[in-house]
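Accompanying notes for the structure given below.
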Amino acid sequence: MKELIKQYEAAKEKALTFMNNGQLHAYFEALVEMNHYKRLMIAVRAN
């Protein structure tokens, strides 16, 4: 679970960096990555 949180936070930082730089496509890809890790965390927490 800790590893998933670290990966989620890293994706969040990347998303913020891309947003600030105006790189929209990369920003949306980072948001999809964040969503992936968030769903994994929810699945792990449910089991």
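Reckoned from all heavy atoms, side chains included, excluding hydrogens, waters and symmetry mates.
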Point to revise | Interatomic spacing from CE in M19 to CG in L31 - rounded to 0.5 Å | key: 9.0 Å
Review point. Among all residues two or more places apart in sequence or in another chain, which pass the side-chain contact (heavy atoms from CB on, under 4.5 Å) test with N21?
Key: T17, Q23
Revision key, fill the gap. Scanning both residues in full, the closest heavy-atom pair of A26 with F18 reads O-CD1, 3.4 Å
Side-chain donor-acceptor contacts of residues 5-16 below 3.5 Å, not counting sequence neighbours, with atom names and distances?
residue, atom, partner, partner atom, Å
K14, NZ, E33, OE1, 3.2

Point to revise | Members besides V32 in its Ile/Leu/Val/Met/Phe/Trp/Tyr cluster (side-chain heavy atoms under 4.5 Å) | key: none
Exercise for review: Answer with yes or no whether the hydrophobic clustering places Y37 together with I42; edges join I, L, V, M, F, W, Y residues whose side-chain heavy atoms lie under 4.5 Å apart.
Suggested key: no
